[in-house]
Every structure is written in structure tokens, then in C-alpha cells.
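First the structure, in the form of C-alpha cells, and then the observations on it.
To find a chain, count down the sequence lines: A is the first, B the second, and so on, and within it residues start at 1.
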Number of protein chains: 2
Amino acid sequence: MTRASSRRPGPPTRTERGIPEATVARLPVYLRALTALSDSGIATASSEDLATAAGVNSAKLRKDLSYLGSYGTRGVGYDVEYLRYQIAREIGVTQDWAVVIVGIGNLGHALANYSGFGTRGFRIVALLDADPALVGERIGDMEVRDFAELEDIVEADRVSIGVITTPAGPAQEVCDRLVAAGVTSILNFAPVVLSVPDGVDIRKVDLSIELQILAYHEQRKSGEVALPQVPELPATNGLTPDLPAVGGGVGA
Amino acid sequence: MTRASSRRPGPPTRTERGIPEATVARLPVYLRALTALSDSGIATASSEDLATAAGVNSAKLRKDLSYLGSYGTRGVGYDVEYLRYQIAREIGVTQDWAVVIVGIGNLGHALANYSGFGTRGFRIVALLDADPALVGERIGDMEVRDFAELEDIVEADRVSIGVITTPAGPAQEVCDRLVAAGVTSILNFAPVVLSVPDGVDIRKVDLSIELQILAYHEQRKSGEVALPQVPELPATNGLTPDLPAVGGGVGA
DNA sequence: AGGAGCTTGTGAACGTGAGAACAAAATCGG
DNA sequence: CCGATTTTGTTCTCACGTTCACAAGCTCCT
């Protein structure tokens with residue numbers, strides 16, 4: 001997260017609508033839980049109920065909600081519809097956000113079709129790719145357009161969110177173009193670290209990193225304590241030993 | 001992350017190979033950065049170089065690496081190949097992990113084709129779906145198999161990692177089957193909170209949550225301080241007011 | 001009306017993570 | 001061989017996040 005944080009040093013400073021980042025990341029989960037409860041016809045829920053549905057503990061949930069205001073009723077709980085609306089408003093999904101997807105490979109394809117994407121609050125306004133072979137292809141009710149049209153589209157549709165689903169190689173360049181065109185939030189699926197100027201938010205979704213984190217924990221389950229203590233490499237520092245090949249996943 | 005943590009209360013307890021979770025989450029990033037440096041023919045890198053490549057600050061990187069051991073050389077830096085191997089070993093990607101993907105919709109399709117998935121360290125051994133219409137379809141060099149074969153496959157191929165790319169509806173049931181079959185790590189793409197027993201790790205990748213987090217920050221950029229202070233809802237608590245519809249993204 | 005029973009909102013304690021700063025160790029030049 | 005220089009490994013401090021525990025506040029029953 002790259003935000004120009006204008007926070008004075010003083011005490012905990014929770015005034016001025018400063019909701020902790022960890023809380024912000026959970027609000028969408030609460031929103032989904034509330035929607036599920038609502039769909040089940042449940043009108044009121046306690047923090048305990050909500051916490052269970054959201055997979056957190058109730059103290060955390062209450063504290064999170066308290067940053068938004070006092071929307072519950074002691075002795076009763078929370079009104080599901082009301083709280084849902086308040087959270088949605090706080091997150092900003094009561095309005096529609098225009099989104100462009102850049103890079104229509106396998107993943108871009110999947111996202112373009114992903115109905116859950118159309119979670120109210122987001123609207124895909126364009127699918128872009130630089131490959132002429134892809135331009136013009138129809139996906140659902142949209143047509144792939146040339147990446148060169150980016151600037152026009154961003155301006156015309158007031159696009160503020162860009163999704164990068166290109167390979168690692170062109171990702172930074174695409175990112176720069178997005179930023180230059182006026183996009184101020186980026187969701188990056190390419191396996192690279194993108195750099196953006198202050199004021200632009202960027203989030204990353206990385207499959208192979210998630211798998212590797214799982215692998216780490218998996219490794220110490222089976223053996224438990226039985227780590228493969230391998231080549232400690234003699235003091236021949238400076239020379240590159242003959243080590244097994246391992247990849248880091250820069251799958252361009 | 002749901003791990004049966006066997007940690008005694010005492011002091012900071014960093015002994016016994018306890019690497020902080022935050023560090024574990026960054027190791028794959030370092031691994032990728034090292035691979036990139038290696039591919040560029042760079043044999044040695046300072047913490048500063050590495051930190052830049054990984055998008056973190058150098059103090060953090062050095063501290064992270066120090067949990068693994070003393071693999072650098074003061075005054076010089078880190079041997080790229082050597083460090084890469086050490087990190088790969090620590091993560092556990094020097095061995096191969098068998099992976100099954102359950103739910104071959106758009107996303108499952110994309111993941112099956114995703115070459116970066118085959119990042120050395122992971123091997124997809126089966127694509128599963130319960131829909132008879134999909135079973136038998138060829139994707140790349142694999143064939144979609146019936147979900148009913150799960151147990152046999154997990155046992156035969158010693159599968160420890162499962163990826164869930166089904167809709168929200170069947171996700172928990174699929175999860176339970178995976179766990180019952182012996183899978184102990186799960187990567188969940190379905191927009192639901194899955195519950196798993198202790199000892200099973202679960203990680204979640206959720207597109208709409210990421211977008212909503214971006215939207216939150218986006219909302220307070222344009223207006224800045226100009227939050228739409230809307231219906232404070234009168235004290236008619238208990239009644240459900242007529243609010244605009246908002247979704248939480250339970251796109252089953 | 002009043003007390004019993006819940007459930008929220010929050011203050012305080014605790015644990016984890018981040019960053020600054022520096023001592024220890026290695027190289028290099030003279 | 002020694003001092004200057006570089007860069008790691010680590011200590012210390014501060015900020016952030018989580019959890020506990022409880023007072024405040026609401027409803028319901030008698």
C-alpha cells in the first residue's frame with residue numbers, strides 16, 4: 001500500500017476518519033457476511049453471530065465496527081440491513097467504480113467472465129491488450145480493445161481502477177501507462193514488484209507466493225522439527241557452488 | 001492461517017526455528033528477486049540491492065534473512081545463488097509438492113494453464129470437477145477427472161495441497177472432502193470463509209475483497225474529507241429502512 | 001417501575017512487526 | 001600490516017494490531 005500518509009506524530013490519532021488498514025481489509029469480509037445473513041432472511045445479528053460468519057473473533061469485530069461509529073444496539077445486536085449499508089458506504093461500493101483489465105491472457109479472460117467481479121460497486125468498462133491478434137475478440141458482452149486506446153477510455157469513463165493481468169515483463173510499463181493516464185488504484189496479478197508514485201494505491205495478488213507460504217508450513221508438518229539440514233557450503237565464499245536448480249517464479 | 005500452535009508463553013521465543021509469519025510471507029518475494037538477479041548474471045548483491053528488487057527496505061530484509069541464519073558476508077553482501085538456495089530450502093520448494101485443483105470453471109481453467117504455476121516446487125497432478133459435462137475435457141496436457149476420484153488421487157500422489165476454484169456454494173463441502181482425503185494445505189479462491197480443523201492451513205485469494213480495499217482508499221482521494229454523510233437513520237431501530245441495494249459478493 | 005439478563009463499545013494489557021542506529025566483521029588500498 | 005570503507009547482523013524503540021475484561025446501555029419480565 002502506497003499512500004501519501006498525512007498523519008501527525010501525536011498520540012494514537014484515530015480521529016479524522018482514520019480507520020486502521022487491518023480493519024479496512026476486513027470490512028469487505030463483514031459486508032459479505034452481512035449479505036449472506038440478509039439473504040437468509042436474518043434481520044438482526046449479534047457480534048458473535050457476525051464474527052462467526054466472518055471467521056474472526058467477536059472482540060475484533062466489535063472494535064472494527066466501532067471505528068465506523070456506533071451502529072449496534074446494546075443488548076440486541078446489529079440490524080443487518082442497516083449495518084450492511086453503513087459498511088458499503090464506508091468502503092465506497094454504494095457508487096460504481098469503473099475498471100479496466102489489461103492483459104487478456106488466461107487470467108484476464110477468467111476475470112472478464114467472472115460474474116462475482118460484477119459485485120455491485122464495480123463495472124468493467126474495457127478489456128485491453130496490446131496483441132493485435134486478440135483485439136476484437138468477444139468475451140461475454142465485451143470486445144477486446146487495443147491497449148493504445150487506454151488514455152481515451154480512462155478519460156471518457158473516469159476509470160480509477162486498473163487490473164494488470166499481463167506477464168511479468170510488460171507489467172511495469174503497463175503500470176506506468178495506467179498511472180500516466182490517470183488511474184490511481186491498481187490491482188496487480190503479474191509476478192513482479194511494481195513501483196508507483198505516491199498517491200497511487202497498489203495491491204498484489206500472487207498465486208505462487210501463496211503456494212510457497214503454504215509449502216513452508218507444510219514442510220514442517222510431516223517431519224516436524226526434521227528439517228533437511230543440507231549443504232552448509234564450505235567457507236569458499238565468493239564462488240558459486242553447484243546447487244540444485246530452484247525457481248523463483250518470474251514466469252514472464 | 002489455522003495452525004495448531006505449540007508455543008509456550010515465555011519470552012519472545014524465537015528459538016526452535018520460529019520464523020515470524022510476516023517474514024515467511026516475504027521470503028517468496030526475496031526468492032523471486034534473487035532469481036531475477038541471477039538471471040541477469042549478477043553473482044553478489046547487497047541488502048540494499050535486494051531490498052530494492054523486492055520492494056522493501058533494507059533493514060527489514062536483513063532482519064528477515066537473519067532468521068534463516070548468517071548467510072551474508074559483511075562488507076560484501078550476499079552470494080545470489082547461495083542465498084537463493086537457502087531460502088528455497090527454508091520455504092520447502094527444493095522438493096516438489098503435488099497439487100490438485102478442484103473446480104474447473106473460468107478460473108480453474110486459467111490456473112491449469114498458468115505456466116507460472118509450474119514454478120518449480122509445485123506440480124499439478126489433477127484437475128477435478130463434479131460436473132460430468134466437464135470430465136474428460138483436455139486442458140494442456142491434462143484431462144479433467146471426476147471429483148469422486150479425489151481420495152484415490154490424493155493417496156496415490158501424496159497430494160498435500162488443494163486449490164479450490166469452485167463457486168461459493170460447494171466450497172465448504174469440497175474443502176471438507178479435501179481435508180478428509182488427507183490434504184493439509186488449502187488455497188481458496190471461492191468467496192466464502194472456510195472452516196478447517198486445526199493442523200490444516202488455509203489461505204484465501206479474493207478478488208472482490210482486493211477491489212473493495214482499493215475502492216475504500218480511492219473514495220477518500222477525490223473528495224478528501226468529503227465523505228457522503230448519508231441517512232443517519234432515525235431512532236426507529238429494529239425496523240429495516242429502505243436503503244439502496246448493495247452487494248457483498250456472494251456470487252455463487 | 002425495577003431488577004435480571006444480554007450485548008455493545010472501549011480502555012488497558014499484551015504481543016508482533018517495522019525502522020533507526022550501531023557494533024562487528026570483512027575487504028581493499030597503501 | 002594497518003587504517004579506511006563497506007555492509008551485515010542485531011539491539012532498541014516505537015507503532016500497530018489483537019485480545020481481554022468490564023462499564024454502559026438496552027430489552028424484557030415480573
Side-chain angles (χ1 to χ4, degrees), chain A residues 1-3 5 7-15 18-27 29-30 43-52 54-80 82-83 86 235-239, chain B residues 1-3 5 7-15 18-27 29-30 43-52 54-80 82-83 86 235-239:
Chain A
M1 190 90 333
T2 312
R3 286 248 55 203
S5 74
R7 179 157 296 175
R8 54 181 186 285
T13 316
R14 182 53 14 74
T15 9
I19 297 181
E21 193 56 33
T23 296
V24 171
R26 281 187 294 264
L27 290 181
V29 180
Y30 301 156
T44 301
S46 70
S47 62
E48 198 64 54
D49 299 337
L50 267 177
T52 303
V56 301
N57 84 33
S58 63
K60 181 149 56 179
L61 180 133
R62 285 200 302 278
K63 178 156 288 209
D64 283 342
L65 294 186
S66 77
Y67 291 124
L68 311 193
S70 270
Y71 294 139
T73 308
R74 297 173 192 229
V76 179
Y78 299 90
D79 180 284
V80 171
Y82 181 48
L83 182 57
Q86 292 299 341
T236 51
N237 221 331
L239 270 179
Chain B
M1 188 93 329
T2 313
R3 285 247 53 203
S5 73
R7 179 155 296 175
R8 54 181 187 285
T13 315
R14 183 52 16 74
T15 8
I19 297 180
E21 193 56 33
T23 295
V24 171
R26 281 187 294 264
L27 290 180
V29 180
Y30 301 156
T44 302
S46 70
S47 63
E48 197 64 53
D49 299 337
L50 267 177
T52 303
V56 301
N57 86 30
S58 63
K60 181 149 59 180
L61 179 133
R62 286 200 301 280
K63 188 185 287 204
D64 283 343
L65 294 186
S66 78
Y67 290 124
L68 312 192
S70 270
Y71 294 139
T73 307
R74 296 174 194 230
V76 178
Y78 299 89
D79 179 285
V80 171
Y82 181 49
L83 182 58
Q86 292 299 341
T236 52
N237 221 332
L239 271 178

List for me each residue that meets side chain to side chain donor-acceptor pair (under 3.5 Å) alongside A:Ser46, sequence neighbours excluded, and say none if there are none. A:Asp49

State which residues pass side-chain contact (heavy atoms from CB on, under 4.5 Å) with B:Ser58; sequence neighbours excluded, sorted by chain then number. B:Ser47, B:Glu48, B:Ala51, B:Arg62

Return the value, rounded to whole Å, for the distance between atom CG of B:Asp79 and atom P of C:dT27. 13 Å

Closest of D:dT10, D:dT8, C:dT10 to the A:Ser66 side chain is C:dT10

For B:Arg26 and C:dA18, what is the distance between atoms CZ and C1' respectively, to the nearest whole Å? 8 Å

Protein-to-nucleotide contact annotation, 5' to 3' order, nucleotides 22-30 of chain D [B base; S sugar-phosphate only; - none; under 4.0 Å, heavy atom]: -BBBBS---

How long is the span from the CG atom in B:Leu83 to the CG atom in B:Leu68, to the nearest 0.5 Å? 7.5 Å

Is the phosphate of C:dT8, meaning OP1 or OP2, less than 4.0 Å from a side-chain N or O of A:Ser47? yes

Could you check B:Leu65 against A:Ala22 and say which one's nearest nucleotide on DNA chain D is further toward the 5' end? B:Leu65

Any side-chain N or O of A:Ser70 under 4.0 Å from OP1/OP2 of C:dG9? yes

Quick one: is D:dG17 close enough that its OP1 or OP2 comes under 4.0 Å of any side-chain N or O from A:Tyr67? no

Separation of D:dG9 P from B:Glu48 CD (nearest whole Å): 15 Å

A:Leu61 atom CG is separated from C:dG9 atom P, nearest whole Å, by 10 Å

Out of C:dA12, D:dG17, D:dC12, whichever nucleotide has its closest atom nearest the side chain of A:Pro20: D:dG17

So for B:Lys63 and C:dG19, does any side-chain atom that can act as donor or acceptor lie under 3.5 Å from a complementary atom in the base? yes

Got a second to check how far B:Thr73's OG1 is from B:Tyr82's OH, nearest 0.5 Å? 9.5 Å

A:Asp49 CG to C:dC6 P, in whole Å, measures 14 Å

Interatomic distance where CD belongs to A:Gln86 and P belongs to C:dT8 [whole Å]: 17 Å

In whole Å, I'd like the distance from the CG atom of B:Leu83 to the P atom of D:dT8. 11 Å

Enter the distance from A:Asp64:CG to A:Leu27:CG here, rounded to the nearest 0.5 Å. 6.5 Å

To the nearest angstrom, the CD1-P distance between B:Ile19 and C:dG17 comes to 12 Å

Among D:dT18, C:dT8, C:dG19, find the nucleotide with the atom closest to the side chain of A:Lys60. D:dT18

Drop me the distance from A:Tyr30's OH to A:Leu50's CG, to the nearest 0.5 angstrom. 9.0 Å

Result for 5'-nearest mapping on DNA chain D, choosing between B:Ala45 and A:Asp64, is B:Ala45

Once you round to the nearest 0.5 Å, how far does CG of A:Leu65 lie from NZ of A:Lys63? 12.5 Å

